Amino acid sequence: MIITVFLMGVVISFSSWAFAQGGGISGSVKDLSNKLPAPDMRLLSDMTPNRTVNLSMGGNARLEEKPEETTQSLSWETGAGKSYLIPALEIPAFILLLNRYDRHAYPNEVNEDGGKTYDTNLSTFRDHVFHGGWGVDTDAFAMNQFNHPYQGSVYHGFARSAGLNYWQAFFYDNAGSLLWETAGETTKPSYNDQIASGIAGSFFGEALFRMASLVLEGDGGKPGLWRELGAAMISPSTGFNRLTFGNRFMPVFPSHDPALFWRLRFGVSLNSHLSGRGDTIASNSRTEATGDFMMAYGLPGKPGYSYTRPFDYFHFELTTLGNTDNPVENIMIRGLLIGTDYAVGNSYCGIWGLYGGYDYLSPHIFRVSSTSVSLGTTYQWWLARAVALQGSVLGGVGYAAAGNATQTEGERDYHYGVAPQGLIALRLILGDRAMFDLTGRTYYITGRGGGDPGGRETIDRLNMGFTVRVYDRHAIGIMYIASIRNAQYPDRADSHQTAGTVGLVYTWLGDAKFGAIEWPGDESR
């Protein structure tokens with residue numbers, strides 16, 4: 001829905017041409033014949049965009065370069081040319097457009113008082129601002145936990161592509177989220193949406209902005225049409241600003257050449273088992289097409305690379321299914337917000353600090369999503385001459401939502417709460433032949449902060465995979481995913497659900513060495 005609305009965003013160009021490249025033509029003519037008496041000279045000017053022709057009665061003509069007046073282009077290093085005003089106009093315009101679209105697309109959707117959800121006006125805005133009534137809403141899980149973070153990522157892209165840094169864009173994300181909560185809907189403002197759009201949206205948006213910038217950066221040359229289109233598909237608001245403002249925002253965000261590893265997989269997955277107690281199983285075992293993309297950006301160990309900006313390291317995963325009921329199986333993002341690198345000898349290196357995270361998991365029969373901050377580390381350890389272990393260990397707290405996969409209209413069959421959580425991710429690299437992945441996640445959703453003080457849920461997720469390189473960057477692999485949910489609430493029966501999936505996939509590798517980073521001083525590797 002949001003992507004469709006964004007494509008209509010060209011109508012908000014009223015905020016663009018006032019700040020676009022500018023560049024006027026001077027109307028003054030310089031007289032180079034000051035020595036001639038005024039009665040003996042006649043001046044004519046023939047002006048081209050960058051030149052002025054001065055003619056005198058003596059027959060001499062001079063062609064001079066005219067000073068060109070242009071808006072200053074963006075400099076990512078100094079901040080010159082960035083704009084605070086442009087995203088401050090674009091974000092409200094996008095919200096207005098989205099509200100108008102929702103009025104036509106969902107004319108019968110009503111709020112808790114029976115009024116139409118998107119029929120906002122100054123009266124509803126004033127009521128939300130001065131009388132508040134903040135709470136937790138009853139929107140569908142995917143709306144709250146996926147659409148709202150993606151909406152926040154659009155805000156983030158507007159601000160970042162206008163030259164603002166991460167923390168400045170973070171402010172715009174949350175201001176945009178607040179504006180939507182007070183002016184975009186007639187429902188009471190909700191804490192969960194503010195967190196999802198403002199905070200999760202900034203994590204989501206920064207990862208998309210960085211990946212779009214990588215596409216634009218390419219080999220260092222000027223981006224061509226296909227790279228521009230690719231970047232716009234990844235971060236639409238970045239593409240919009242580049243198209244609308246031309247040279248002003250054309251300079252590409254500098255990645256500083258991070259160590260990267262990415263993979264793209266396609267294959268078939270089978271739900272090996274689904275079981276549940278206390279909740280209805282929403283789907284039967286089935287075979288499905290699956291595709292996933294993973295990128296690790298800024299892996300530790302590369303000489304000369306530093307971690308001075310938020311998300312100079314991040315990990316991004318997206319898995320889709322050939323299933324219209326559940327097309328997005330997971331999105332998982334974690335990025336270093338504040339931290340530094342370290343090393344132990346010449347075989348172990350890493351980074352540590354404060355990470356921001358956004359997770360969205362939907363394994364058929366239940367769902368969980370979390371926006372979190374964690375302390376942790378990401379590392380690489382050479383265990384032997386051609387064997388490297390990469391991994392991350394994180395522990396922190398988030399605001400999470402979890403529940404069954406079914407929902408009754410107007411009711412919320414999932415629960416919010418403050419959620420301690422942890423992650424252990426390992427990748428064992430066996431030279432340039434094979435790789436073994438193991439990632440475990442756990443979430444403990446308390447009833448605090450979500451309206452269910454007596455309830456709690458524990459959700460565990462285990463993801464394993466083994467990949468063998470066949471030729472060049474082509475590989476095949478097998479994967480297994482296990483998800484377990486245990487929920488206890490005082491007003492209903494306890495719930496225990498499990499889901500297991502096994503898959504066979506073709507893998508296209510970004511690096512034939514599976515992302516192993518050489519450590520300086522150890523040339524044998």
Side-chain angles (χ1 to χ4, degrees), residues 141-142 145-146 262-295 315-332 359-369 402-407 413-414 423-428 430 433-443 457-471 473-487 495-510 514:
F141 186 87
Q145 305 309 126
F146 176 73
W262 58 264
R263 71 165 185 239
L264 182 64
R265 301 194 299 195
F266 298 100
V268 177
S269 64
L270 169 68
N271 297 329
S272 59
H273 70 272
L274 298 171
S275 65
R277 174 172 54 83
D279 283 303
T280 301
I281 297 296
S283 60
N284 297 317
S285 297
R286 66 178 77 178
T287 301
E288 297 174 317
T290 182
D292 74 68
F293 174 78
M294 182 278 290
M295 173 177 282
H315 185 97
F316 177 92
E317 293 181 53
L318 167 66
T319 300
T320 62
L321 300 173
N323 178 352
T324 57
D325 295 331
N326 189 40
V328 178
E329 203 275 346
N330 69 69
I331 298 175
M332 292 173 284
D359 295 341
Y360 174 92
L361 304 172
S362 182
H364 286 296
I365 60 175
F366 63 86
R367 297 83 50 88
V368 61
S369 179
N404 194 18
T406 59
Q407 179 170 352
D413 193 18
Y414 60 94
L423 173 142
I424 297 177
L426 303 173
R427 180 162 69 239
L428 183 65
L430 306 174
R433 299 311 309 171
M435 172 181 68
F436 175 73
D437 285 287
L438 175 66
T439 302
R441 291 177 167 83
T442 186
Y443 308 87
E457 298 197 20
T458 303
I459 293 177
D460 300 308
R461 169 92 162 191
L462 179 66
N463 191 323
M464 297 183 291
F466 185 67
T467 304
V468 177
R469 189 175 67 87
V470 177
Y471 172 74
R473 294 192 294 162
H474 304 280
I476 58 173
I478 187 170
M479 62 180 186
Y480 178 74
I481 302 172
S483 304
I484 304 170
R485 172 183 177 244
N486 289 288
S495 176
H496 175 76
Q497 296 172 297
T498 64
T501 303
V502 62
L504 182 65
V505 293
Y506 158 78
T507 305
W508 183 22
L509 301 169
F514 299 97

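Treat the numbers as computed from the prediction; the structure is a model and nothing was measured.
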Restricting to non-hydrogen atoms, name the atom on [X] and the atom on [Y] that form the minimum distance, rounded to 0.1 Å.
X      : Y      : answer
Leu504 : Gly477 : CD1-O, 3.4 Å
Phe514 : Arg427 : O-NE, 3.9 Å
Arg485 : Gly403 : NH2-CA, 3.7 Å

First locate atom [atom1] of [X], then atom [atom2] of [Y], and finally report the distance between them rounded to the nearest 0.5 Å.
X      : Y      : atom1 : atom2 : result
Phe146 : Ser362 : CZ    : OG    : 11.5 Å
Leu270 : Thr287 : CG    : OG1   : 4.5 Å
Leu264 : Arg473 : CG    : CZ    : 11.0 Å
Thr439 : Ile424 : OG1   : CD1   : 10.0 Å
Leu361 : Glu317 : CG    : CD    : 9.5 Å
Phe266 : Thr320 : CZ    : OG1   : 8.0 Å

If the condition is side chain to side chain donor-acceptor pair (under 3.5 Å), which residues does [X] pass it with, not counting sequence neighbours?
X      : result
Tyr506 : His474
Tyr360 : none
Ser269 : none
Thr319 : Asn330

Exercise for the section: Only counting residues at least two apart or in another chain, list the ones meeting salt bridge (charged side-chain N to carboxylate O under 4.0 Å, His left out) with Asp292. Expected result: Arg263, Arg265
Problem - Criterion side chain to side chain contact (heavy atoms under 4.5 Å, CB included) on Met332 and Arg441, from CA distance to verdict - result: CA-CA 11 Å; Met332 292 173 284; Arg441 291 177 167 83; 3.0 Å; yes
Problem - Qualifying residues under side chain to side chain contact (heavy atoms under 4.5 Å, CB included), relative to Ile476, sequence neighbours excluded - result: Val470
Practice task
Not counting sequence neighbours, which residues clear side chain to side chain contact (heavy atoms under 4.5 Å, CB included) with Leu428? List them please.
Solution key: Leu383, Val387, Leu389, Leu430, Phe436
Problem - Chi angles and distances behind the side chain to side chain contact (heavy atoms under 4.5 Å, CB included) call for Val368, Gln145 - result: CA-CA 9 Å; Val368 61; Gln145 305 309 126; over 6 Å; no
Exercise for the section: Please work out whether the ring planes of Trp262 and Trp508 are parallel, tilted or perpendicular, with thresholds of 30° and 60°. Expected result: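 Correct class here is perpendicular.
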Residues 460-469 side chain polar contacts: donor-acceptor under 3.5 Å, at least two apart:
residue : atom : partner : partner atom : Å
Asp460  : OD1  : Thr442  : OG1          : 2.7
Arg461  : NH1  : Glu329  : OE2          : 3.1
Arg461  : NH1  : Ser483  : OG           : 3.1
Arg461  : NH2  : Glu329  : OE1          : 2.9
Arg461  : NH2  : Glu329  : OE2          : 3.3
Arg469  : NE   : Asp432  : O            : 2.6
Arg469  : NH1  : Asp472  : O            : 2.9
Arg469  : NH2  : Asp432  : O            : 3.3

Handout entry: Stepwise side chain to side chain contact (heavy atoms under 4.5 Å, CB included) check, Val502 with Met479
Key = CA-CA 6 Å; Val502 62; Met479 62 180 186; over 6 Å; no
Exercise for the section: Before giving the answer on side chain to side chain contact (heavy atoms under 4.5 Å, CB included), spell out for Asn404 and Gln497 the whole-Å C-alpha distance, their side-chain angles and the decisive distance to 0.1 Å. Expected result: CA-CA 9 Å; Asn404 194 18; Gln497 296 172 297; 3.3 Å; yes
